[in-house]
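Below, chains carry the letters A, B, ... as their sequence lines are ordered, and counting in each starts from 1.
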There are 2 protein chains.
Amino acid sequence: MTVSLAEIRRSSGEVFTEGCPTRVVLDHIMSKWGVLVLLALTDGTQRWGELRREVQGISEKMLASTLRTLEADGLVSRTSYPEVPPRVEYALTDLGRELMQHMLPLVQWVAVHAGDIVPVEADAAAS
Amino acid sequence: MTVSLAEIRRSSGEVFTEGCPTRVVLDHIMSKWGVLVLLALTDGTQRWGELRREVQGISEKMLASTLRTLEADGLVSRTSYPEVPPRVEYALTDLGRELMQHMLPLVQWVAVHAGDIVPVEADAAAS
DNA sequence: TGGGTAGCTTACTTCAAAGTGGGTACCCTC
DNA sequence: GAGGGTACCCACTTTGAAGTAAGCTACCCA
C-alpha cells in the first residue's frame, strides 16, 4: 500500500472534511458531470458543442456550470475565437493532465469492477 | 496518458452515467464519509468506536449507513464477536485493498494540490 | 426584418444525501 | 434500580447539487 490516511494527515493536515479544499476539489472532479467532462477532455481539445454531444444527457446549463467550475480550478482551459458562429475550445491544462494521470487508473478500475460490486438492479435502473 | 474515455467506453460500455454501476460505486467511495472511512481502514482493522473517533464529525447514523453500504459492495468486511459490550471489527476486503491501491494515488495528489486549486476561502469556510 | 448559429445565463423547482433526535438490546458496576 | 458502556436502528427534517424552462448575446444571411 502506498500511503495511509495517517500519513496523508501528517503531510497535508486534516483532509476531506466538509468544506476543506481537498473535499471541494474531490466534489468538483467527481461530481455527476465533472468526471465525464474531464474524461471527455482526456481525448483532446473539444468545442462546446462537441462536449455537449460527447457527454450525453447533460443540459447546457450544467455543461456551462461544470466547465466554469473546472476552469476556475485551473484544471481546464477555455479559448475563445472571434468567429461567427462563436467557437470556444476547452482543453485540459498541465495541472488537469496531471490530475487525470492519477484519476484514470481509479476510474478504469471502477469501470472494470463495478459490475461485481453493485447488483444488476443498478443496471436495470439505468435502463 | 493511460487510457481515454473512448477506450474505457470501448471496453466497459457507457460509464458514469446516472444510475449505472460505475456511477453508483463512485458515489459510494467518494461520498462525504465514504472516502474517509475507506482511508481510515487503510490503516488497518478498526472497531466501530475507533472509526467513530478517527472519522471526526461523523454521526452514528452516517457511520452505520456508510459501513452498511461499503459492506454490501464487498469493499469492507464486518466481523462481530459475541461479547458484551458488543465488539464489531471492520476491515478492508481483498477487493477493498485493490480499490485503495488505485484510489490512494489520486487522493494523495488531491491532498497535495488542493491548496493550489481551490482558493483559501474554502479553507476559511472550514474554520 | 426575420431566420439561423454557438455559447451561454437566470429564476425557480426537485429530490436524494446527510443530519437530528429519539430509540433499542444486553451486560457491567455502583 | 440507575447509571454507564458498545453498536446500532428509525422517523422525520434539512439542504445543496442538479434539473427545468425560459431567456439572452453577437453576429451573419436571404
Between [options], which one does the side chain of [X] approach most closely?
X       : options               : result
A:Glu60 : D:dA18, D:dA7, D:dG23 : D:dG23
A:Val84 : D:dT6, D:dC27, C:dA18 : D:dC27
B:Arg68 : C:dG7, D:dC9, D:dC8   : D:dC9
A:Ser31 : C:dC8, D:dA18, D:dA7  : D:dA18

d([atom1], [X]; [atom2], [N]) in whole Å:
X       : N      : atom1 : atom2 : answer
B:Ile58 : C:dT20 : CD1   : C1'   : 15 Å
B:Glu18 : C:dC15 : CD    : P     : 11 Å
B:Glu50 : D:dG5  : CD    : P     : 17 Å
B:Lys32 : D:dA17 : NZ    : C1'   : 14 Å
B:Glu83 : D:dG5  : CD    : C1'   : 14 Å
B:Met62 : D:dT15 : CE    : C1'   : 14 Å
B:Met30 : C:dA18 : CE    : C1'   : 19 Å
B:Trp48 : D:dA7  : CH2   : C1'   : 6 Å

Report yes if at least one side-chain N or O of [X] is closer than 4.0 Å to OP1 or OP2 of [N]; otherwise report no.
X       : N      : value
B:Arg78 : D:dC8  : yes
A:Tyr90 : C:dC8  : yes
B:Arg47 : D:dA7  : yes
B:Trp33 : C:dA17 : no

- A:Phe16 ring centre to A:Arg23 NZ or CZ under 6.0 Å, with the angle to the axis within 45°?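 Because its charged atom misses either the 6.0 Å distance or the 45° angle limit, A:Arg23 does not stack over A:Phe16.
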
- Hey, which of these two, A:Val88 or A:Lys61, hits DNA chain C nearer its 5' end, going by closest nucleotide?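 Residue closer to the 5' terminus by nearest nucleotide: A:Val88.
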
- Task: Please answer whether the main-chain N or O of B:Ala40 pairs with a side-chain N or O of B:Gln46 as donor and acceptor at a distance below 3.5 Å.
- Result: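 Present.
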
- Query: Does B:Leu63 offer a backbone N or O that forms a donor-acceptor pair with the side chain of B:Arg52 under 3.5 Å?
  - Reply: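 Checking the backbone N and O of B:Leu63 against the side chain of B:Arg52, no donor-acceptor pair under 3.5 Å is found.
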
- Steps toward side chain to side chain contact (heavy atoms under 4.5 Å, CB included) verdict (B:Leu99, A:Leu106): CA-CA 8 Å; B:Leu99 162 67; A:Leu106 171 64; 3.7 Å; yes

- Message: If you assign A:Ser59 and B:Ala64 each to the DNA chain D nucleotide with the nearest heavy atom, which residue ends up on the more 5' nucleotide?
- Response: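 The residue whose closest nucleotide sits nearer the 5' end is B:Ala64.
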
- Item | Contacts of type ring pair (Phe, Tyr, Trp, His ring centres under 6.0 Å), residue B:His28, not counting sequence neighbours |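 Partners of B:His28 by the ring pair (Phe, Tyr, Trp, His ring centres under 6.0 Å) criterion come out as none, since no residue qualifies.
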
